[in-house]
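Data first, discussion second: the structure below is written as structure tokens.
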Amino acid sequence: MKGKPINELIVVIKGAGEMATGIAHRLCMSHIKQIVMTEIPEPISVRRTVAFSEVVYDGEMTVESVHAELIKSVDKAQDIWQKKKIAVIVDPQWTIVNILKPDIVIDAIMAKKNLGTKKIEAPFVIGVGPGFTAPADVHAVVESNRGHNLGSVFYDGSAEPHTGIPGPTMGYTSERVLRSPHAGLVKHVKTLGDSVKKGEIVLYIDETPVNARIDGLLRGLIREIRVKENEKIGDIDPRGVKEYCFTITEKARAIGGGVLEAIMHEFNKWE
């Protein structure tokens, strides 16, 4: 077997939003548990019930029985791992990569472009979604676009380009997503998991109301923070199943599965 045992691998995940959380959950449930996730000082996750980025605000969080806790410095990571939790640190410059020297780096920021990740950062570097090319700047790329190739791993090439159109749910695409009409402060009217009707006010940006464009359940809702124009601020699920508001999506699970496949392909080799 190549290198250290699978359960001793150290992983840094850039980002702790919805998709990154799906990845971390899949790895943790597969006994790859020495994980540190990096975040910006004020995360803007919409699906807050399934995003470990919320740890930055609340200090700790649980998603589907997997626990995460905020650390202030990298030397605290080992303590968190001993408690069988994922560590989350505010580190927008990813300085932890040079300090921790992980076996694996996963860029799951979902920025639709590469913000500077290089394959020299670790023995195995994975890029999720568009903006990465294997083997030029990462060792593997995992497809993030809904469709036939979702979760596929590429060792030579790139993921599909960003379309700008959300994947369809019951025939709805962009209608599902709430966006800020201008920059300003978010003020909630509805809460996560609430039922909404088309035309209802879901929240305000300053004094401007943002209305639901379809009937459904409010699956995602950004925190009451300042946002820029056209920021994604909410997500309505037309299926009307409340459980879906509080569990990992099939997309995040598929991406997590692709990342796990890539890791096993690299580190579970028999010589």
Side-chain angles (χ1 to χ4, degrees), residues 15-23 25 43-51 53-54 63 107-113 115 127-132 141-152 158-183 186 188 190-203 205 209-223 225 227-259:
E18 179 189 358
M19 298 305 150
T21 298
I23 293 166
H25 188 278
I44 53 173
S45 296
V46 171
R47 291 216 58 223
R48 293 182 287 122
T49 58
V50 288
S53 55
E54 287 295 286
V63 175
D107 189 325
I109 297 171
M110 310 306 293
K112 314 300 189 296
K113 59 183 178 181
L115 299 179
V128 179
F132 305 98
V141 176
V142 175
E143 181 59 68
S144 65
N145 195 22
R146 289 183 187 271
H148 183 76
N149 291 320
L150 176 63
S152 295
S158 305
E160 297 172 15
H162 178 50
T163 65
I165 302 172
T169 301
M170 291 183 62
Y172 295 107
T173 57
S174 57
E175 304 98 325
R176 297 190 293 106
V177 176
L178 304 176
R179 293 192 176 274
S180 52
H182 53 75
V186 174
H188 296 161
K190 298 289 188 177
T191 60
L192 281 166
D194 279 356
S195 177
V196 297
K197 295 291 185 182
K198 182 177 179 179
E200 271 193 290
I201 297 173
V202 177
L203 71 158
I205 303 296
V210 178
N211 305 85
R213 293 193 286 166
I214 61 172
D215 295 349
L217 289 178
L218 192 57
R219 187 175 67 164
L221 183 66
I222 201 167
R223 276 184 172 260
I225 58 175
V227 295
K228 60 186 180 182
E229 182 179 358
N230 202 41
E231 188 79 67
K232 183 178 178 181
I233 53 176
D235 176 14
I236 297 172
D237 190 333
R239 294 171 293 185
V241 181
K242 195 157 189 175
E243 178 188 354
Y244 295 170
C245 300
F246 305 97
T247 50
I248 298 167
T249 64
E250 73 279 14
K251 178 177 178 178
R253 289 190 202 279
I255 292 171
V259 169

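Hydrogens, waters and symmetry mates are skipped; everything else that's a heavy atom, side chains included, is used. Throughout, residue positions are numbered sequentially from 1 according to the sequence presented. Note that the structure is a prediction, hence the values are computed from the model and not measured.
- Closest non-hydrogen pair, R213 versus E175, comes out as NH2-CA, 3.6 Å.
- Residues R47 and T249 are in side-chain contact: their nearest non-hydrogen atoms beyond the backbone lie under 4.5 Å apart.
- Separation of atoms CD1 (I248) and CE (M19) is listed at 10.0 Å; rounding is to 0.5 Å.
- Note: R179 CZ to S174 OG = 9.0 Å, rounded to the nearest 0.5 Å.
- Between D215 and K197, the closest side-chain pair of non-hydrogen atoms falls below 4.5 Å.
- In this structure, CG on L178 lies 4.5 Å from CD1 on I236, to the nearest 0.5 angstrom.
- Going from atom CD1 of I255 over to atom CD of E143 covers 8.5 Å, rounded to the nearest 0.5 Å.
- The two residues A51 and G17 come nearest to each other via the heavy atoms CB-C, 3.9 Å.
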Next item on the list: Carefully, step by step, assess D237 and D235 under the rule side-chain contact (heavy atoms from CB on, under 4.5 Å).
Entry: CA-CA 7 Å; D237 190 333; D235 176 14; 5.6 Å; no
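- Closest non-hydrogen pair, H188 versus L203, comes out as CA-CB, 4.2 Å.
- Separating the NE2 atom in H25 from the CZ atom in R253 is a distance of 6.5 Å, to the nearest 0.5 Å.
- With contacts defined as side-chain heavy-atom distances shorter than 4.5 Å, the pair L217/V241 does not qualify.
- Salt bridge annotation for E18-K251: absent, with no cationic side-chain nitrogen under 4.0 angstrom from a carboxylate oxygen.
- Looking at every heavy atom in both residues, I201 comes nearest to N211 through CG1-ND2, 3.4 Å.
- Taking both residues in full, the closest heavy atoms of V142 and A159 are given as O-CB, 4.4 Å, listed atom of the first, atom of the second, then distance.
- Between M170 and R176 there is no side-chain heavy-atom pair separated by less than 4.5 Å.
- Here the shortest heavy-atom pairing between I23 and A108 reads CD1-CB, 3.8 Å.
- The closest side-chain heavy-atom distance from C245 to L218 is not below 4.5 Å.
- Side-chain N or O atoms of S180 include one that pairs as donor or acceptor with a backbone N or O of E231 at under 3.5 Å.
- Side-chain contact check for D107 versus F132: some heavy-atom pair is nearer than 4.5 Å.
- With contacts defined as side-chain heavy-atom distances shorter than 4.5 Å, the pair V202/V210 does not qualify.
- Qualifying salt bridge (charged side-chain N to carboxylate O under 4.0 Å, His left out) partners for E160, counting only residues two or more places apart in sequence or in other chains: none.
- Of the possible donor and acceptor atoms, none in the side chain of T173 sits under 3.5 Å from a partner among the backbone N and O of P166.
- Applying the salt bridge (charged side-chain N to carboxylate O under 4.0 Å, His left out) rule to K190 yields the partners E200; only residues at least two apart in sequence or on another chain are considered.
- Proximity of V186 to I205: side-chain heavy atoms (C-beta onward) are separated by under 4.5 Å at one or more points.
- With rounding to the nearest 0.5 angstrom, the OG1 atom of T163 is 9.0 Å from the NZ atom of K112.
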